[in-house]
There are 2 protein chains.
Amino acid sequence: MAAAKKPVDRRAQIVEAASKSFAMFGYKATTMELVSKIAAVGKGTIYTFFATKEELFSEIIGQLSKELREVAERTIDHDRPFFDNLSEALHELLLFREKHELIVKLSQEVRDIGTPMAKDGIARLEQGILAFIQQEVSYGIDKGELRGANPQLTAFVMLRLYLALSLEWSKQHKPLSRKEAAGYFGELLRDGLAVR
Amino acid sequence: MAAAKKPVDRRAQIVEAASKSFAMFGYKATTMELVSKIAAVGKGTIYTFFATKEELFSEIIGQLSKELREVAERTIDHDRPFFDNLSEALHELLLFREKHELIVKLSQEVRDIGTPMAKDGIARLEQGILAFIQQEVSYGIDKGELRGANPQLTAFVMLRLYLALSLEWSKQHKPLSRKEAAGYFGELLRDGLAVR
DNA sequence: AACTGACCAAAATTTCAATCCGGTCATTCG
DNA sequence: CGAATGACCGGATTGAAATTTTGGTCAGTT
């Protein structure tokens with residue numbers, strides 16, 4: 001219903017062109033003129049569909065966020081134990097993230113020049129992941145696999161911990177193998193550190 | 001032995017002056033000229049004791065790191081349970097950090113303009129904390145309170161987790177009280193999340 | 001009616017002279 | 001005579017003006 005079919009769907013052309021440009025040059029260096037060139041469309045036409053550059057960007061982040069969620073959802077199998085699902089899903093998300101050029105480019109842009117809009121985009125993606133984890137945590141609590149303290153905080157801790165283990169640790173040490181990371185992560189979250 | 005006593009100890013004068021200036025204006029805005037003025041000393045005299053501005057700064061970070069360690073050491077009582085000590089010590093360190101003007105100023109400078117030398121200083125302080133935690137973790141393992149996986153990684157995870165809980169969480173949510181944070185932190189690390 | 005690109009004001013970038021700063025060293029002081 | 005000093009140097013930084021770029025508009029074209 002949203003997408004009527006025409007000889008050529010200009011809106012889709014534009015979104016695709018913008019997507020490429022944002023991934024290739026980042027938010028700041030992507031100009032509306034450039035997008036119009038790639039889309040083979042007059043600059044004015046873009047403004048028929050999107051009121052501002054930010055709105056166009058937002059549409060693309062929205063699509064990407066949805067895609068991210070689908071990746072995560074696809075790796076979850078509610079018949080398996082909670083912690084297996086969790087570290088599997090986080091691993092898939094991390095791979096996706098590392099491979100997806102737009103995300104890589106935006107992260108770099110945030111790091112190097114701190115473009116506020118790029119920050120915003122990354123934050124939205126992270127927020128989406130957080131919401132997903134929280135949903136799974138709540139499910140795990142319902143199923144009785146998980147102790148039921150504050151699911152929001154728990155989801156937050158899980159994400160931070162996973163990122164620390166898989167990204168930050170390797171900044172100063174030999175990176176953990178996928179197996180080591182998942183093992184340590186799962187063990188710590190499941191059973192804690194105390195000798196019992 | 002290192003500090004001979006003279007009518008006035010110029011070296012100490014200089015270090016104190018520099019310390020004040022770094023805390024007041026940050027690394028970048030502290031000029032050698034300014035330090036010499038505060039220390040009531042000719043600029044050239046500074047170079048009798050420190051070859052470069054960086055070396056002077058390094059000396060001060062070294063002192064501060066030692067001070068930090070003393071604060072942590074003072075709150076540890078090896079007769080108490082490991083996790084009590086841990087969250088107590090981390091809390092003390094956080095308070096110290098928040099109160100210490102030099103650390104606050106340097107953090108701000110890193111955030112706002114990313115001065116490499118300031119980054120470096122903060123990194124060294126964090127490294128010191130990490131080494132301290134690691135030592136305590138090893139001790140906890142020896143005493144049989146802690147499961148004995150990779151102490152370095154464990155220390156790293158503990159610090160990240162504590163910082164996430166006490167600093168990052170509050171960027172987007174109502175901050176946790178000291179009690180909530182310590183409670184959640186201790187419980188998660190000690191016992192994990194799984195229902196048993 | 002859909003589309004275009006020349007056009008505009010605001011923002012970003014470049015340029016470049018003026019200033020500043022870390023570090024040196026010939027001179028001074030005690 | 002040796003410790004201390006501050007004028008001095010060149011490279012880096014800053015600020016402001018000039019120039020270019022860019023998000024967004026809209027009169028004109030198809």
Side-chain angles (χ1 to χ4, degrees), chain A residues 2-22 24-61 109-110 112-121, chain B residues 2-22 24-61 109 112-118 120-121:
Chain A
K5 67 162 189 281
K6 281 277 175 143
V8 279
D9 182 347
R10 297 201 182 285
R11 186 179 204 276
Q13 269 181 301
I14 290 165
V15 170
E16 203 197 355
S19 220
K20 277 181 190 161
S21 180
F22 283 133
M24 201 126 51
F25 308 113
Y27 180 83
K28 192 179 170 201
T30 289
T31 70
M32 295 306 259
E33 167 107 25
L34 179 58
V35 172
S36 82
K37 286 267 172 50
I38 299 177
V41 144
K43 184 154 68 129
T45 306
I46 300 179
Y47 289 89
T48 316
F49 301 103
F50 304 95
T52 65
K53 181 182 176 182
E54 299 185 7
E55 201 179 302
L56 174 57
F57 182 66
S58 176
E59 162 95 11
I60 286 163
I61 292 293
E109 189 173 351
V110 170
D112 295 349
I113 50 177
T115 316
M117 210 53 201
K119 252 185 200 149
D120 209 80
Chain B
K5 67 166 193 281
K6 281 276 175 145
V8 279
D9 183 348
R10 297 197 184 284
R11 188 189 149 93
Q13 269 180 305
I14 290 165
V15 169
E16 202 197 1
S19 219
K20 276 181 191 159
S21 179
F22 284 133
M24 202 126 55
F25 308 113
Y27 181 82
K28 192 178 167 199
T30 288
T31 69
M32 294 305 261
E33 166 109 25
L34 179 57
V35 171
S36 81
K37 287 268 174 50
I38 299 177
V41 142
K43 183 154 66 128
T45 306
I46 299 179
Y47 289 89
T48 315
F49 300 105
F50 303 96
T52 64
K53 181 181 177 183
E54 298 185 8
E55 201 178 301
L56 174 56
F57 181 65
S58 177
E59 161 97 10
I60 286 162
I61 292 293
E109 189 173 352
D112 295 349
I113 50 176
T115 315
M117 211 53 202
D120 209 80

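So that the names make sense, note that chain A is the first sequence line, chain B the second, and so on, each numbered from 1.
Here the P atom of nucleotide dA26(C) and the NZ atom of Lys43(B) are 16 Å apart, to the nearest Å.
Side-chain atoms of Leu56(B) and Lys53(B), non-hydrogen and from C-beta on, never get closer than 4.5 Å to each other. Side-chain atoms of Leu34(A) and Phe25(A), non-hydrogen and from C-beta on, do get closer than 4.5 Å to each other. Within the 4.5 Å cutoff, no side-chain heavy atoms of Phe57(B) are placed close to those of Thr30(B).
Between Tyr27(B) and Phe22(B), the ring-plane angle classifies as parallel under the 30° and 60° cut-offs.
For DNA chain C, the neighbouring residues in residues 24-41 of chain B, judged by any heavy atom under 4.0 Å, are Thr30(B), Thr31(B), Met32(B). If you check residues 44-56 of chain B against DNA chain C, the residues with a heavy atom closer than 4.0 Å are Tyr47(B), Thr52(B), Lys53(B), listed by number.
With rounding to the nearest 0.5 angstrom, the CD atom of Glu109(B) is 4.5 Å from the CD1 atom of Ile113(B). The distance from the CD atom of Glu55(A) to the CD1 atom of Ile60(A) is 11.5 Å, given to the nearest 0.5 Å.
The phosphate of dA3(D) (OP1 or OP2) has no side-chain N or O of Arg10(B) nearer than 4.0 angstrom.
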Can you list the steps and then say if Phe49(A) with Val15(A) is a side-chain contact (heavy atoms from CB on, under 4.5 Å)? CA-CA 10 Å; Phe49(A) 301 103; Val15(A) 170; over 6 Å; no
Quick one: side chains of residues 37-48 of chain B, donor-acceptor pairs under 3.5 Å with protein atoms, not counting sequence neighbours, listed by atom name and distance.
{"residue": "Lys37(B)", "atom": "NZ", "partner": "Glu33(B)", "partner atom": "OE2", "Å": "3.0"}
{"residue": "Thr45(B)", "atom": "OG1", "partner": "Gly42(B)", "partner atom": "O", "Å": "3.4"}
{"residue": "Thr48(B)", "atom": "OG1", "partner": "Thr45(B)", "partner atom": "O", "Å": "2.9"}

